[in-house]
Number of protein chains: 2
Amino acid sequence: MKPTTPAAEDYLKTIYAHTEWQPEPITPKVLATRLGIAPSSVTEMVKKLAAAGLIAHVPYGPLTLTDEGRLRATAVVRRHRLIETWLVRELGYTWDEVHDEAEVLEHSISDRLLEAISTHLGHPRADPHGDLIPAADGSTARVRAVLLADAPAGHSGTVLRVSDRDPAILRLLADAGIGPGSNVTVVDSATLRLDAGQAHPFSADVAAAVWLTG
Amino acid sequence: MKPTTPAAEDYLKTIYAHTEWQPEPITPKVLATRLGIAPSSVTEMVKKLAAAGLIAHVPYGPLTLTDEGRLRATAVVRRHRLIETWLVRELGYTWDEVHDEAEVLEHSISDRLLEAISTHLGHPRADPHGDLIPAADGSTARVRAVLLADAPAGHSGTVLRVSDRDPAILRLLADAGIGPGSNVTVVDSATLRLDAGQAHPFSADVAAAVWLTG
DNA sequence: GGCAAAGTTTCGGGTTGCCTAAATAATCTG
DNA sequence: CAGATTATTTAGGCAACCCGAAACTTTGCC
């Protein structure tokens with residue numbers, strides 16, 4: 001099968017990421033926005049990816065990955081997350097600094113090097129943001145999680161994951177000492193309490209980025 | 001100044017590499033061969049690089065780097081060699097396996113990550129093949145060296161560098177226990193003796209790849 | 001000095017991936 | 001349910017890189 005280009009990998013990865021924590025399939029408009037490109041460019045690439053059997057698409061409909069497409073997508077996600085983990089664990093990056101670097105390297109690293117890094121790190125299962133790292137065969141664990149924005153007052157749980165989309169949020173949370181593994185309780189719709197510590201007010205942006213155990 | 005594309009970086013790097021151990025400037029034909037592309041493609045890119053002030057070129061003449069071009073070239077070479085060193089020292093690669101991986105990554109790694117790797121490795125001065133790693137400011141040490149093919153019988157010296165162009169040669173030499181730092185004597189035009197060990201016959205290919213102290 | 005071989009450039013083409021503007025389809029709303 | 005809004009697609013272009021074929025220099029050699 002034809003090798004995927006960096007651009008195609010970005011499309012597949014973004015389509016995959018959209019359904020990783022929420023069920024609705026992605027639309028061309030949203031995909032264009034996420035990729036920072038014009039909708040017409042998406043139409044064009046979508047045609048190629050559909051012709052290559054990597055996505056399913058009926059005109060004016062949503063975009064879904066085929067099995068093969070999902071395999072390619074998880075491979076990119078695996079590369080991205082292992083690179084992020086490596087940057088944090090070995091090279092002194094903080095969790096808000098790794099995204100852009102991984103975004104580029106995920107398209108350049110060979111399988112050989114990727115597995116060497118994974119071995120070097122002891123085959124980590126999650127990246128610094130709590131996102132699960134797909135296995136080399138594309139299989140991924142599934143976790144039940146609740147978005148902080150959807151959690152009722154009084155809900156107690158462990159932080160599973162923080163979206164890495166906005167570095168500012170990551171810095172904010174790091175300053176508050178909150179990250180994957182933190183045990184917290186939702187005081188009200190805008191306040192979080194660290195179990196062994198103090199309360200922290202949080203914004204809607206933060207509420208839409210933090211995921212807790214159910 | 002305009003950022004350099006991966007393709008342009010490859011041109012600059014190859015032009016630079018050609019004069020690193022020998023004085024003659026490179027010609028378009030040789031450059032095309034080294035890059036594995038058609039001569040007409042070189043003409044085209046050369047125009048762009050000349051327009052960008054990175055190389056000097058008169059029609060039908062040789063190609064030479066401007067100061068700015070040399071700066072860009074050494075930056076790529078620095079990335080390439082630090083990556084090679086990192087792959088060997090940290091990730092279990094052997095010196096004949098690192099070239100292709102570095103060839104790709106040299107275009108993707110950020111300055112931030114590069115300096116983190118350099119620090120992590122203790123700022124090495126040479127890569128696994130004995131090639132000197134340019135400093136971050138582009139400055140490079142200069143070393144007097146003699147090509148094995150040009151060394152007279154009886155010449156004694158230390159192996160400074162082995163060209164990384166042919167992995168088979170690197171494997172051959174590794175098997176013989178010869179590498180940068182080995183002290184050797186040229187017995188005759190086809191035999192080398194390790195100072196503390198046995199004699200090894202060598203081919204013309206090997207003679208054109210090994211450099212000794214003068 | 002002249003002519004063939006070798007090197008270089010020009011020219012017309014092709015691919016990928018992006019763009020804007022305009023056309024068309026789907027969806028929302030009064 | 002019809003017009004208005006929004007989403008999607010089509011059409012035409014552009015920049016980066018590459019190609020092969022043909023034209024044009026330079027070089028090497030008798």
Side-chain angles (χ1 to χ4, degrees), chain A residues 1-15 18-19 22 24-65 69 72-73 76 100 103-104 106-108, chain B residues 1-15 18-19 22 24-65 69 72-73 76 100 103-104 106-108:
Chain A
M1 195 145 286
K2 200 178 294 178
T4 20
T5 63
E9 287 183 352
D10 280 336
Y11 280 78
L12 295 174
K13 180 189 61 170
T14 306
I15 295 169
H18 190 263
T19 50
Q22 266 157 337
E24 283 85 41
I26 198 168
T27 62
K29 172 72 189 309
V30 173
L31 180 53
T33 305
R34 281 269 197 289
L35 292 172
I37 63 180
S40 58
S41 304
V42 169
T43 301
E44 193 173 69
M45 179 64 90
V46 157
K47 271 192 228 164
K48 289 185 205 164
L49 294 174
L54 300 176
I55 68 175
H57 178 236
V58 292
Y60 296 95
L63 308 168
T64 54
L65 294 171
R72 305 280 184 104
V76 180
D100 293 352
E103 202 67 21
V104 177
E106 68 189 8
H107 304 299
S108 318
Chain B
M1 195 148 287
K2 200 178 296 183
T4 20
T5 64
E9 286 183 353
D10 280 335
Y11 280 77
L12 294 174
K13 179 189 62 172
T14 307
I15 295 169
H18 190 262
T19 49
Q22 265 157 339
E24 282 85 41
I26 199 169
T27 63
K29 171 74 188 312
V30 173
L31 180 52
T33 304
R34 282 269 196 287
L35 292 172
I37 63 179
S40 57
S41 304
V42 169
T43 302
E44 191 174 72
M45 178 65 91
V46 157
K47 270 191 227 164
K48 289 184 207 165
L49 294 174
L54 300 176
I55 67 175
H57 178 237
V58 292
Y60 296 94
L63 308 169
T64 54
L65 295 171
R72 306 279 185 106
V76 179
D100 293 352
E103 203 67 20
V104 177
E106 69 190 9
H107 304 300
S108 318

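Note that the coordinates shown come from a computational prediction; the quantities given were computed from them, not determined experimentally. Order of the sequence lines fixes the chain letters, A, B, ..., with proteins taken first and strands second; residue numbering starts at 1 for each chain.
A side-chain donor-acceptor contact under 3.5 Å links A/H18 to the backbone of A/E24.
Atom CG of A/L31 is separated from atom C1' of C/dC18 by 14 Å (rounded to the nearest Å). Distance NE2 (A/H107) to P (C/dT16): 18 Å, rounded to an integer number of Å. At whole-Å resolution of the value, CD in A/E9 and C1' in C/dT16 are 15 Å apart. When the P atom of C/dC18 is taken as reference, atom CD1 of A/I37 falls 5 Å away, rounded to whole Å.
Applying side chain to side chain contact (heavy atoms under 4.5 Å, CB included) to A/I37 and the options A/V42, A/L31, A/D10 leaves one that passes, A/V42. Looking at B/T4, B/V76, B/L63 one by one, the single match for side chain to side chain contact (heavy atoms under 4.5 Å, CB included) with B/L12 turns out to be B/T4.
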*Give the C-alpha distance, both sets of side-chain angles, the deciding distance and a yes or no for side chain to side chain contact (heavy atoms under 4.5 Å, CB included) between A/K13 and A/R34.*
CA-CA 11 Å; A/K13 180 189 61 170; A/R34 281 269 197 289; over 6 Å; no
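In this structure, the nucleotide among C/dC18, C/dT16, C/dT9 sitting nearest to the side chain of A/K48 is C/dT16.
A/A38 comes within contact range of at least one nucleobase, with a heavy-atom separation under 4.0 Å. Within 4.0 Å of B/P28, counting heavy atoms only, lie sugar-phosphate atoms of the nucleic acid but no base atom.
Note that the CD1 atom of B/I26 and the OG1 atom of B/T33 stand 8.5 Å from one another [nearest 0.5 Å].
A close approach under 4.0 Å does not occur between any side-chain nitrogen or oxygen of A/S41 and OP1 or OP2 of C/dG17. Distances shown here put every side-chain N or O of B/K47 at or beyond 4.0 Å from the OP1 or OP2 atom of C/dT9. Between B/T43 and the phosphate of C/dT9, there is a side-chain N or O to OP1/OP2 separation shorter than 4.0 Å.
Taking the side-chain contact (heavy atoms from CB on, under 4.5 Å) definition, one finds that A/T64 meets it with A/P25, A/A56, sequence neighbours left out.
A 4.0 Å heavy-atom criterion places the boundary nucleotides of DNA chain D facing chain A at D/dA7 to D/dT10, written 5' to 3'.
Of all heavy-atom pairs spanning A/V104 and B/S108, the tightest one is CG1-O, 3.4 Å.
Remark on DNA chain D: of its neighbouring residues B/M45 and B/S40, the 5'-side contact belongs to B/M45, judged by nearest-heavy-atom nucleotide. Checking B/K29 against B/E44, the closest nucleotide of DNA chain C that is more toward the 5' end is the one next to B/K29.
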